[in-house]
Protein chains: 2
Amino acid sequence: MASAKRKPGPTELLVLEDFLPYRLSILSNRVSRAIAARYAKTFGLSIPEWRIIAVLGRRPGLTAKEVAEATEMDKVAVSRAVAKLVESKRVAARADREDARRQILSLTAQGESVHARIAPIALASEQRLLAALDARERAQLDALVGHLLDAAKTL
Amino acid sequence: MASAKRKPGPTELLVLEDFLPYRLSILSNRVSRAIAARYAKTFGLSIPEWRIIAVLGRRPGLTAKEVAEATEMDKVAVSRAVAKLVESKRVAARADREDARRQILSLTAQGESVHARIAPIALASEQRLLAALDARERAQLDALVGHLLDAAKTL
DNA sequence: GAGATTTAGTTTCATCTGTAACCAATGGCA
DNA sequence: TGCCATTGGTTACAGATGAAACTAAATCTC
């Protein structure tokens, strides 16, 4: 459907539905919203909180700053989300011995439990989306998104 | 870099950096922010306003509701952005004769001018991003994103 | 080792966004 | 025709988000 009415020349006309940044935005929104809806209701987690749980689940002991880097969120967002997660007893923050400014973050038992239950849900959603593609297309997608992520870094 | 340490099995481990919804979100954000920065400074436009200008530039005479559909924004967002655009004299809204609830929207001369200057900028940004891909990859990307957009519709 | 600089994280404030309630006009339909 | 349901659009309120200012700890420099 998107193929028949593609752009005429290389850079001529701006057609919103064909404009890659727009399409990526719509795609990302649809996907994020669908997944977020599932764990928001079940666990009361926001996307930032979810990301932090995902990252700490695999890499406990990160500082807030490292979490910010790993999740590509800014430190304000991390600070707020961590505050909520500590509040809800899903993340434990203990001061770093060597640098009192730093917080060493890790999941509590409750946090681990959430992580253990949420990861399969997330992966299943991803699989549902990827079900639209065959193995070769998935590999292509992976590579293309990787390239674009690199390229977009220095836009 | 993303290829060497890919997922081990089909659905085993949740690794944020490899998780498609996450990657799409980061990609979309990087791209949108880069482009938005350019026209936000030059024209003082938000993303919703920009989208509306893009759509009305090609298809004048749409109603607010049709604009909402065309841009995939909700009607509240459209209402607000249109209000600003009317305020800044870039969009003209006249009541529909046949249905007094409807607004017929179109660009003013000023709006046209903004559109004419912004479209090339947007397309150039898109091209800069796509410069990372060759022709075959672009075609693949186009098709893949199309598939995913469809699939994501019913997530 | 005192003062300037940088760094980790928080708070503040202003703006944006999303949901729900709302208002007014239209379209049944009895 | 008069009432109800629907539709186009706006308003109101609450929560999310981002930039910049701020605090406190560490580091650097002389």
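- Looking at A:R80, its side chain comes within 3.5 Å of the base of D:dG18 through a donor and an acceptor atom.
- At least one donor-acceptor pair closer than 3.5 Å links the side chain of B:Y22 to the backbone N or O of A:T71.
- Residues B:A93 and B:V86 share a closest heavy-atom pair of CB-CG2, 4.3 Å.
- For the residue pair B:R51 / A:S25, a side-chain donor-acceptor distance below 3.5 Å is found, with atom types taken as modelled.
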Decide yes or no on salt bridge (charged side-chain N to carboxylate O under 4.0 Å, His left out) for B:R101 and B:D96, but give the supporting numbers first.
CA-CA 7 Å; B:R101 292 169 305 179; B:D96 183 350; over 6 Å; no
Exercise for review: Before giving the answer on salt bridge (charged side-chain N to carboxylate O under 4.0 Å, His left out), spell out for B:E49 and B:R90 the whole-Å C-alpha distance, their side-chain angles and the decisive distance to 0.1 Å.
Suggested key: CA-CA 10 Å; B:E49 291 170 69; B:R90 285 161 169 168; 5.2 Å; no
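- Proximity of a side-chain donor or acceptor of B:R102 to a complementary backbone N or O of B:A95 within less than 3.5 Å is not detected.
- For the segment residues 42-62 of chain B, the set of residues with a heavy atom within less than 4.0 Å of an atom of DNA chain D is empty.
- With no hydrogens or angles considered, a side-chain donor-acceptor pair links B:R117 and B:S113 at under 3.5 Å.
- Distances shorter than 4.0 Å separate none of the side-chain N or O atoms of A:S79 from OP1 or OP2 on C:dG9.
- Contact annotation: B:R33 side-chain N/O to D:dT17 OP1/OP2 distance is not under 4.0 Å.
- The aromatic rings of A:W50 and A:Y39 sit parallel to each other, their planes meeting at less than 30°, with 60° as the upper class boundary.
- The side chain to side chain contact (heavy atoms under 4.5 Å, CB included) with A:L105 is formed by just one residue from the set A:L56, A:V55, A:L85; it is A:L56.
- Placement of B:L148 and B:L130 within a single hydrophobic cluster is found when ILVMFWY residues are connected by side-chain heavy-atom separations under 4.5 Å, directly or transitively.
- Residues from residues 81-106 of chain B that place a heavy atom under 4.0 Å from any atom of DNA chain C, listed by number: B:K84, B:D99, B:A100, B:R101.
- Residues of residues 65-78 of chain A that place a heavy atom closer than 4.0 Å to DNA chain C, in numerical order, are A:K65, A:K75, A:V76.
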